[in-house]
Amino acid sequence: MRKFLKTYLPFTRAGIQGATAYRANFIAWFIGNIMYCFVMYYVWRAVFDSSGSGSFSGFTMTDMVVFLFVTNLTGYLTSSDGSFAVGEEIRDGNVAMRLIKPVSFDMTFLFNELGQKSLTFTLIFIPMLAGVEIYKYFAYGQVMFSIVTFALYMLSVVMSYMFSFYMNVCFGFMAFFLKNLWGFNILKDSILRFLSGSVIPLAFMPDALRRVMEWLPFASLSYTPVMIYMGKYTGQEVIMRLALQFAWVVVFWLISKIILSIALKHVTVQGG
């Protein structure tokens, strides 16, 4: 373990340095996401007002506000640039240097991203989650925070990120064959936002479609951890969802190893 950390912790430090080197970009990204939350708030405010009911598919407007902001916060921690990073290195030829190093191909990307996530967790996630809890206190009239629920939520977030990372790495490996994934990345992200329930909660879907989508791996990206945080699952459902998340992480980890072994036989380095 000591040798493992000594090998890969420099990639984490590089990730932190990379995030702090482009502070303006980081701030603009953060402000853009906050603006998106407020835009969606007014959209759902209009939906609830037009429905003439205080609740919609088990969600009150207060629930919806919490859902929007916690979904956004969860996305900060679970999103991965693996497909973009891998694709760009393959496109410009830098992948050749990474492949000849005596390190794991995917672990270098993983630890680099963990450096960025550590900053996001400290500077954005914790303060904004505190704001959400303060909002819940004034909305519900009591402290709603639970250490156990939060611990289960964070466990789900960790598995969500691992699934997101290996799924994106699998997608990034397609660049070995397609050479450029820019357009495909935009298409992928748009589809995932819908399938993960981050745009429209899966609870709002027709029952048959909702059940199918909850068993698909994409619900693990956002919907599952957010529902755990909001207490929408029973204890048995939480265990089942966490087990499902873990299973999908293992599946995509194995797929990434298989794709990489096949892709390395078809390496054509561009640039470099």
* L152, M144: one ILVMFWY side-chain cluster at the under-4.5 Å cut-off? -> no
**Q.** Side-chain heavy atoms of M162 within contact of L110, under 4.5 Å
**A.** yes
Stepwise side-chain contact (heavy atoms from CB on, under 4.5 Å) test for Y161 and L77: CA-CA 7 Å; Y161 171 68; L77 298 183; over 6 Å; no
N-O pairing of R193 and D189 below 4.0 Å: no
Are F138 and Y140 linked, directly or through other ILVMFWY residues, by side chains that come within less than 4.5 angstrom of each other?
no
field: Axial cation check for F145 ring with K136, 6.0 Å and 45° limits
entry: no
With F252 as partner, the option from F246, F163, Y166, F171 fulfilling ring pair (Phe, Tyr, Trp, His ring centres under 6.0 Å) is F163
Shortest non-hydrogen pair, L73 vs M128, comes out as CD2-CB, 3.4 Å
**Message:** Looking at F59, I'd like to know if the NZ or CZ of K232 sits under 6.0 Å from its six-membered ring centre while staying within 45 degrees of the ring's axis.
**Reply:** yes
**Asked** Do the charged groups of E113 and K117 touch, with an N to O distance under 4.0 Å?
**Response** no
Please say whether more than 12 non-hydrogen atoms of neighbouring residues, nucleotides or ligands are located less than 6.0 Å from OH in Y137. no
| message | Test your reading of the model: is there a side-chain donor-acceptor pair from S261 to the backbone of I258, 3.5 Å cut-off? | response | yes
Interatomic distance, CG@L155 vs CE@M159, rounded to 0.5 Å, equals 4.0 Å
Exercise for review: Spell out, yes or no, whether V43 and Y36 are grouped together once hydrophobic residues are joined by side-chain heavy atoms under 4.5 Å, including indirect joins.
Suggested key: no
If hydrophobic clusters are built by linking Ile, Leu, Val, Met, Phe, Trp and Tyr wherever their side-chain heavy atoms come under 4.5 Å apart, do M227 and I239 end up in the same one? no
Check: Tell me, do S198 and Y223 make a side-chain contact under 4.5 Å, heavy atoms counted?
Finding: no
Heavy-atom side-chain proximity of M64 to P201 below 4.5 angstrom: yes
- Message: What verdict does the side-chain contact (heavy atoms from CB on, under 4.5 Å) test give for K188 and N168, after you've listed the backbone C-alpha separation in whole Å, the side-chain angles of each residue and the deciding distance to 0.1 Å?
- Response: CA-CA 10 Å; K188 170 188 66 81; N168 277 282; 2.7 Å; yes
| request: Determine, using the 4.5 Å side-chain heavy-atom cutoff (strictly less than), whether F194 and V39 are members of one ILVMFWY cluster. | output: no
So CG of L129 and OH of Y76: to nearest 0.5 Å the spacing works out to 12.0 Å
task: Report yes if some heavy atom in the side chain of M61 is under 4.5 Å from a heavy atom in the side chain of Y41; otherwise report no.
output: yes
Rounding to 0.5 Å, atoms CZ (F111) and CZ (R13) come to a distance of 11.5 Å
task: Could you tell me whether the side chain of I31 reaches within less than 4.5 Å of the side chain of I34, counting heavy atoms only?
output: no
Handout entry: Worked check of side-chain contact (heavy atoms from CB on, under 4.5 Å) between S156 and L242
Key = CA-CA 6 Å; S156 180; L242 291 175; 3.7 Å; yes
In this structure, is the centre-to-centre distance between the rings of F204 and W44 below 6.0 Å? yes
Discussion item. For the aromatic rings, using the six-membered ring if either is Trp, is the centroid distance between F38 and F69 under 6.0 Å?
Written reply: yes
What one should report as the nearest heavy-atom pair of S222 and T71 is OG-CG2, 3.3 Å
Paired with V226, the side-chain contact (heavy atoms from CB on, under 4.5 Å) test is passed by just one of V66, L68, V70, V157, namely V70
Practice item. Would you sort out whether E237 and I228 count as a side-chain contact (heavy atoms from CB on, under 4.5 Å), showing the intermediate values? Key: CA-CA 9 Å; E237 286 176 323; I228 291 175; over 6 Å; no
Counting N and O atoms only, with roles assigned by atom type, does the side chain of T149 sit under 3.5 Å from a partner on the main chain of S146, one being a donor and the other an acceptor?
no
- request: Using a strict cut-off of less than 4.0 Å between a Lys/Arg side-chain nitrogen and an Asp/Glu carboxylate oxygen, indicate whether E214 and R241 qualify as a salt bridge.
  value: yes
Distance col, row M205:CE vs M213:CE, nearest 0.5 angstrom, shows 4.5 Å
Distance col, row L195:CG vs L202:CG, nearest 0.5 angstrom, shows 8.5 Å
Can you check whether F121 reaches M154 side chain to side chain, under 4.5 Å on heavy atoms?
yes
Taking every heavy atom of S160 against every heavy atom of T78, the minimum-distance pair comes out as CB-CG2, 3.5 Å
Item to complete: Could you tell me whether Y153 and Y229 have their ring centroids closer than 6.0 angstrom?
Response: yes
Pairwise side-chain contact, M230 with F67, heavy-atom cut-off 4.5 Å (strictly under): yes
The reported gap from CG in L119 to CD1 in I124 (rounded to nearest 0.5 angstrom) is 9.0 Å
